[in-house]
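The block underneath contains the structure these notes are about, expressed in structure tokens.
This chain uses plain numbering: 1 for the first residue, then up along the sequence. The structure displayed is predicted, hence computed values, not measured ones.
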Amino acid sequence: MKSAELFSVDGRGAIVTGAASGLGLAIAEGLAENGARVTLLDVNDAALAAETTRLDALGYAVRAALVDVTDHAALERVFDAAVAAHGRLDIVFANAGIDSGPGFVTGWFGAQRERNPAGALESYSDERWNRVIDVNLSGVFATLRAAARIMKPQRSGKLIVTTSVAGYQCEPAIGAAYGAAKAGAAHLMRSVAHELAAFNITVNAIAPGFFVTNIGGGHAKNPEVQRAMGAVMPMHRVGLPEDIKGLALFLASPASAYLTGQQITIDGGWTLGPAD
């Protein structure tokens, strides 16, 4: 196989959860524009329909299904429908996630961040905690389980989980449930990778840093926030959804055939600390 062919996903069947916007949409588009047959899953019906229509108009093989990853039975049915529609399942991105609300300090940047009582531990309600864990951790579990049921008999597959740098470094502007769920998802990924390696199924994770998406009410789309966050990045800019496409393609393709159980950070050097 030539080096260029190592990155081919042409004709592969793929599913991406949380695919109607942000990183999920970029991942789905990156796979589709390289020839994969992609099913986009999301809870946002309007955005899902609009983006699928847009991608279809570009000539890509895409379809959509409205599903909440916390509805595990519905998720299983959607996986079966995707296999029936595309004839195979080779790639699954467990990407769906939600914001966890405010952390115990206000703001993402600046030396004068203040304590935020609304995000303090004693103010954290069971409902808020459980919702984030249900989507960001249990939803990943259910997605990986649905995929394994299909991939194990065929003895092949690529599973990729979207985690976060918040899973291994504390960010006080984010509610505690988010980091806890992402850390849990990272270790779940390693556990599943260990189990499925004998079936030629690789399981890896992408840990994004600060990206411009809709999560958290879309605060990252504020130019002032982008300038301030970019100032502390060694690369002097924040991440854009397009930045994730190359890594996603690598993990979904034969190029990563001997890589499993790994979490790859993509953050412009943010977690290295300020450089200048």
Side-chain angles (χ1 to χ4, degrees), residues 1-19 24 27-42 52 55 60-67 69 71-96 138-163 185-206 245 247-264:
M1 183 179 291
K2 295 180 180 179
S3 296
E5 295 171 352
L6 284 173
F7 296 89
S8 175
V9 293
D10 189 44
R12 306 292 175 92
I15 292 174
V16 182
T17 68
I27 290 166
E29 185 169 8
L31 294 173
E33 64 192 10
N34 282 281
R37 301 193 291 267
V38 186
T39 295
L40 289 76
L41 306 184
D42 208 285
T52 306
L55 294 175
Y60 303 148
V62 296
R63 56 186 297 276
L66 184 69
V67 68
V69 295
D71 187 341
H72 297 182
L75 191 63
E76 294 277 352
R77 292 192 295 271
V78 165
F79 267 65
D80 288 338
V83 174
H86 292 312
R88 58 190 294 168
L89 181 62
D90 306 286
I91 304 159
V92 171
F93 276 83
N95 169 77
S138 297
V140 170
F141 156 74
T143 301
L144 297 179
R145 181 177 61 181
R149 175 176 58 84
I150 296 166
M151 290 178 171
K152 281 180 71 174
Q154 69 190 28
R155 302 187 71 85
S156 67
K158 295 280 191 175
L159 303 178
I160 303 95
V161 178
T162 301
T163 56
H187 197 68
L188 174 63
M189 172 276 295
R190 288 186 284 269
S191 178
V192 175
H194 199 195
E195 178 180 349
L196 299 183
F199 296 90
N200 195 36
I201 299 169
T202 64
V203 191
N204 294 290
I206 296 174
K245 286 185 176 181
L247 179 55
L249 185 63
F250 166 65
L251 292 175
S253 71
S256 58
Y258 200 54
L259 181 73
T260 197
Q262 304 305 307
Q263 177 174 252
I264 301 176

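- To the nearest 0.5 Å, atoms CD1 (Ile150) and CZ (Arg88) are separated by 13.0 Å.
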Can you list, pair by pair, the side-chain donor-acceptor contacts under 3.5 Å of residues 72-80, counting residues two or more places apart and other chains?
| residue | atom | partner | partner atom | Å |
| --- | --- | --- | --- | --- |
| Glu76 | OE1 | Arg149 | NE | 2.8 |
| Glu76 | OE1 | Arg149 | NH2 | 2.7 |
| Asp80 | OD1 | Arg149 | NH1 | 3.2 |
| Asp80 | OD1 | Arg149 | NH2 | 3.1 |

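- A donor-acceptor contact shorter than 3.5 Å is absent between the side chain of Asn204 and the backbone of Ile160.
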Exercise. side-chain contact (heavy atoms from CB on, under 4.5 Å) between Val16 and Leu40: does it pass, once the steps are laid out?
Worked result: CA-CA 5 Å; Val16 182; Leu40 289 76; 5.7 Å; no

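- Here Thr163 pairs with Gln263 under the side-chain hydrogen bond (donor to acceptor under 3.5 Å, both in side chains) rule; sequence neighbours left out.
- For Glu195, the salt bridge (charged side-chain N to carboxylate O under 4.0 Å, His left out) test picks out no residue, with sequence neighbours left out.
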For this session: Under the side-chain contact (heavy atoms from CB on, under 4.5 Å) rule, what do Leu188 and Phe141 come out as? Steps first, then yes or no, please.
Result: CA-CA 8 Å; Leu188 174 63; Phe141 156 74; 3.9 Å; yes

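- Put simply, CG on Asn34 and CG on Leu249 are 5.0 Å apart, with the number rounded to the nearest 0.5 Å.
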When the side chains of residues 4-14 are checked against the rest of the protein, which donor-acceptor pairs come out under 3.5 Å, sequence neighbours left out?
| residue | atom | partner | partner atom | Å |
| --- | --- | --- | --- | --- |
| Glu5 | OE1 | Lys2 | N | 3.2 |
| Ser8 | OG | Asp10 | N | 3.3 |

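- Looking at heavy atoms from C-beta onward, Leu196 lies out of side-chain contact with Met151 at the 4.5 angstrom threshold.
- For the side-chain hydrogen bond (donor to acceptor under 3.5 Å, both in side chains) test, residues two or more places apart in sequence or in another chain that qualify with Arg63 are Thr39.
- Counting only heavy atoms from C-beta outward, the side chains of Leu159 and Val92 approach each other to under 4.5 Å.
- The side chain to side chain contact (heavy atoms under 4.5 Å, CB included) test with Leu259 is passed by exactly one of Val203, Ile264, Thr202: Ile264.
- Screening residues 250-260 for side chain to side chain donor-acceptor pair (under 3.5 Å), with sequence neighbours left out, gives Lys158-Ser256.
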